[in-house]
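Below, chains carry the letters A, B, ... as their sequence lines are ordered, and counting in each starts from 1. Here the structure is a predicted model, which means the values were calculated and not measured.
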Amino acid sequence: MKPLSHHIANLLSEALRAAQASAVLPAFEPPTIVIERPKREGQGDYASPVAMSLAKALSRKPREVAEAVVQHLPPAPFIAQAEIAGPGFINFTLSDDFLRQQVETIIALGDDWAKLDLFVGKRAQVEFVSANPSGPITVGHTRNAVLGDAIARVLEAAGYQVQREYYFNNAGNQMVMLGQSVQARYLQILGQSAELPENGYQGEYIIDLARDLVQEHGDSLREADWKVFKDYAEARMFAWIKRSLALIDIQHDAFFNENSLFENGEVWRTLEILRENGYIYSAAEWEGASEEEKAKAAGRAPAQWFRSTRFGDDKDRVLVKSDGVPTYTLPDIAYHRNKIERGFDLMVNVLGADHGQQYKVVANGIRALGLDPSKIKVILYQMVRIMRNGVEVRMSKRKGNFDTLDDLVEQTSADAVRYHLLGRSPGTTIDFDLDAVVKQSNENPVYYIQNAHVRCAGIAREAAARGLDDTEADLSLLGQAELKFLRKALELSEVIELAATEYEPHRLAYYAQELAALFHPLYDEVRALHSDVEPQVARARLRFYRAARLVFRRVLRLMGMSAPERM
RNA sequence: GCCCUCGUAGCUCAGUGGAUAGAGCGCUGGCCUCCGGAGCCAGGUGCGUAGGUUCGAUUCCUAUCGAGGGCACCA
């Protein structure tokens with residue numbers, strides 16, 4: 001299905017054509033037709049300012065243009081009326097019958113309701129988390145995970161076939177450090193004096209890993225190479241990361257090892273293509289360096305530089321250091337080349353704001369390869385601060401500081417973590433207030449929304465207990481309050497479309513809150529099982545609540561949250 | 001210094017160039033015998049500042065002030 005706004009835009013296009021054909025309006029290029037949801041009641045369900053935007057070019061008054069358009073609107077079963085209002089808006093009101101019919105549509109489609117075909121046949125990839133396997137998933141990574149997974153869900157709902165990928169950064173110096181750190185801890189436990197490498201990992205979890213190794217292998221690894229420790233640590237970290245993500249119901253379809261790009265030579269192949277294209281030079285310092293910088297670099301072996309400045313960068317970038325080891329950037333460019341060659345129609349990268357600059361270099365690299373980076377969308381999100389009693393809880397590598405996903409879930413809940421990290425646009429810094437989130441009260445939107453589902457489930461339970469049936473309900477017995485809810489439910493398609501095309505899944509969180517805010521007073525007023533309610537009316541209302549429950553379930557699942565039966 | 005984000009209600013934040021800018025939290029006062037209290041109803045003087053584009057700007061552009069992030073032969 002498509003959002004109703006698309007159907008209405010089509011009606012307007014046809015009306016404009018018809019008005020031109022009958023010479024009521026002069027010829028003009030068909031404009032982009034904007035459809036919006038009016039903010040106030042009495043302004044219909046959908047509105048278009050198209051007449052106002054055309055008025056000037058046509059030298060006609062906006063309301064006259066609107067008049068011409070409305071007169072040529074083709075009939076549509078879902079529209080009850082189209083009227084001109086205010087400065088020249090055309091307001092559309094949905095028909096009550098159409099709205100009532102949505103109850104059966106929702107029940108028939110269930111979890112597939114509001115699944116759009118906007119991108120049917122298209123393949124999208126969402127790369128997210130991609131945290132180094134050198135430590136646990138932190139709160140910052142968790143925002144990345146929640147955002148990426150929600151974008152993936154929303155893209156699926158919009159019609160894409162989606163692959164979730166994790167770029168596993170298991171090559172390079174960091175992994176050496178990881179291996180050597182575990183090795184040092186291992187030897188220390190065995191009573192041998194061993195120093196952590198400079199810039200080694202000091203976390204408590206490194207000691208845990210070493211302790212486990214002692215338990216499993218005793219002192220037999222005393223003479224072992226650091227690589228043995230690295231492989232062990234990597235495998236353990238990988239398992240830990242997956243387990244943490246599973247806590248908030250996140251699974252990736254693919255894990256792409258950075259290592260593989262070295263093993264199959266793609267890293268070096270990428271460098272060669274760049275060189276062939278004239279973007280690589282060998283020098284001790286970049287060509288635009290100041291005298292001071294050049295003096296500092298004097299005597300250093302040459303590195304391989306990428307002419308990033310050709311694409312407007314401030315300076316050229318090192319791809320291969322003077323010791324022959326690539327920087328992070330080269331495999332990253334190779335990885336994106338690999339991605340592009342896999343033929344996705346859309347590639348989404350979810351990155352922390354601190355990586356924004358880095359991606360620009362990668363994008364320049366992609367251009368230098370002669371490839372087009374336009375199918376890659378980068379979603380930058382700001383940092384997360386953990387607050388307790390209004391004071392920031394400082395991140396620390398030591399344990400017990402609420403800085404891991406595991407701790408966060410333990411302190412709050414998977415649903416609360418997802419809702420609160422999803423509920424803000426990526427561009428804002430989040431202060432994650434543990435006290436507010438832990439608080440399981442009516443002030444917490446997580447429970448407010450879930451309770452709507454619980455209440456629907458409660459009605460169904462009670463109806464079943466009383467042996468009541470809701471089939472063949474006469475939906476004409478539903479009142480305006482129910483129709484109001486259905487109008488809002490119908491808006492989900494537009495929310496999905498917007499969230500998918502703008503990569504802004506936080507819109508779902510707001511929508512869910514609004515939907516629940518419409519539901520609760522309704523639940524209060526429109527009783528299904530009250531003794532005053534006529535049996536036929538009760539039947540229709542039971543049918544309605546069955547549909548409402550499915551709508552909440554759908555919305556909660558889109559946010560990766562659970563839809564509980566009871567609380 | 002340069003680049004990127006962000007300044008909207010007491011606080012935390014929504015708001016695709018359109019009609020009277022919205023939620024949540026906090027605060028105050030009311031409301032439930034039957035599916036339900038993690039509920040319902042009522043209470044509001046706010047778009048950082050200055051220009052510009054436009055029929056119309058919280059939204060786009062420029063400047064300015066303020067906050068955060070980034071400016072490695074780290075990832």
Do other residues, nucleotides or ligands put more than 12 heavy atoms under 6.0 Å from A:Arg507 CZ?
->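 Atom CZ in A:Arg507 is packed in, count exceeds 12.
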
Heavy atoms from other residues, nucleotides or ligands near NZ of A:Lys488 exceed 12 (cutoff 6.0 Å) |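 Result for NZ/A:Lys488: enclosed.
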
Does the ring of A:Tyr523 meet both stacking tests against the six-membered base ring of B:C35: centre distance under 5.5 Å and plane angle under 30°?
->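 Stacked: ring centres under 5.5 Å, planes under 30°.
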
Planes under 30° and centres closer than 5.5 Å, is that true for A:Tyr510 with the base of B:A23?
->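 It does not: the ring fails the test against the base of B:A23.
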
Looking across every strand, which nucleic acid part, if any, lies under 4.0 Å from [X] by heavy atom: base, sugar-phosphate, or nothing?
X: A:Gln358; result: base
X: A:Ala517; result: nothing
X: A:Glu36; result: base
X: A:Thr327; result: sugar-phosphate
X: A:Arg300; result: base

A:His506, nearest nucleotide to its side chain (from B:C73, B:A23, B:A14) =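 Of B:C73, B:A23, B:A14, B:A14 is nearest to the side chain of A:His506.
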
Could you check which of B:C13, B:C73, B:A38 has an atom nearest any side-chain atom of A:Ala303?
->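 Out of B:C13, B:C73, B:A38, the nucleotide with an atom closest to A:Ala303's side chain is B:C73.
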
Side chains of A:Thr327 and A:Lys321: does their closest heavy-atom pair fall under 4.5 Å?
->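 Touching, per the 4.5 Å side-chain cut-off.
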
Not counting sequence neighbours, which residues clear side-chain contact (heavy atoms from CB on, under 4.5 Å) with A:Glu494? List them please.
->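 Here the qualifying residues are A:Pro3, A:Leu4, A:Ser5, A:Arg37, A:Tyr46, A:Glu491.
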
Distance between [atom1] atoms of [N] and [M] (Å, rounded):
N: B:U12; M: B:U16; atom1: C1'; result: 24 Å
N: B:G24; M: B:C60; atom1: C1'; result: 30 Å
N: B:A9; M: B:U45; atom1: C1'; result: 10 Å

Answer yes or no: side-chain N or O of A:Asn199 and base N or O of B:A75 forming a donor-acceptor pair under 3.5 Å.
->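 No such pair is found, so the answer is no.
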
Dot-bracket encoding per residue of RNA chain B, Watson-Crick/G-U cut-off under 3.5 Å, | denoting interstrand | (((((((..((((....[...)))).(((((.......)))))....(((((..]....))))))))))))....

What is the distance, rounded to the nearest whole Å, between atom OH of A:Tyr419 and atom P of B:G24?
->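 These atoms are roughly 10 Å apart.
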
Residue-phosphate contact under 4.0 Å: A:Ser425 side-chain N/O, B:A14 OP1/OP2 |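 Yes, A:Ser425 has a side-chain N/O under 4.0 Å of OP1/OP2 on B:A14.
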
Could you point out which residue of A:Val533, A:Leu468, A:Leu477, A:Thr471 forms a side-chain contact (heavy atoms from CB on, under 4.5 Å) with A:Arg539?
->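 Among A:Val533, A:Leu468, A:Leu477, A:Thr471, the one that satisfies the side-chain contact (heavy atoms from CB on, under 4.5 Å) with A:Arg539 is A:Thr471.
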
Each nucleotide of nucleotides 1-8 of chain B classed B (base within 4.0 Å of a protein heavy atom), S (only sugar-phosphate) or -, in 5' to 3' order, makes --BSSS--

Which atom pairs, donor and acceptor, lie under 3.5 Å between side-chain atoms of residues 420-427 of chain A and protein residues at least two apart or in another chain?
{"unit_1": "A:His420", "atom_1": "ND1", "unit_2": "A:Ala416", "atom_2": "O", "d": "3.0"}

Upstream residue (5' side of RNA chain B) when A:Pro521 and A:Tyr46 are each assigned their closest nucleotide =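 Comparing both residues, the 5'-ward one is A:Tyr46.
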
Of all residues at least two apart in sequence or in a different chain, which pass the side-chain hydrogen bond (donor to acceptor under 3.5 Å, both in side chains) check with A:Arg367?
->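 A:Arg367 satisfies side-chain hydrogen bond (donor to acceptor under 3.5 Å, both in side chains) with A:Asn364 only.
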
Could you pull out all residues at least two apart from A:Glu83 that satisfy side-chain hydrogen bond (donor to acceptor under 3.5 Å, both in side chains)?
->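 Not a single residue meets the side-chain hydrogen bond (donor to acceptor under 3.5 Å, both in side chains) criterion with A:Glu83.
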
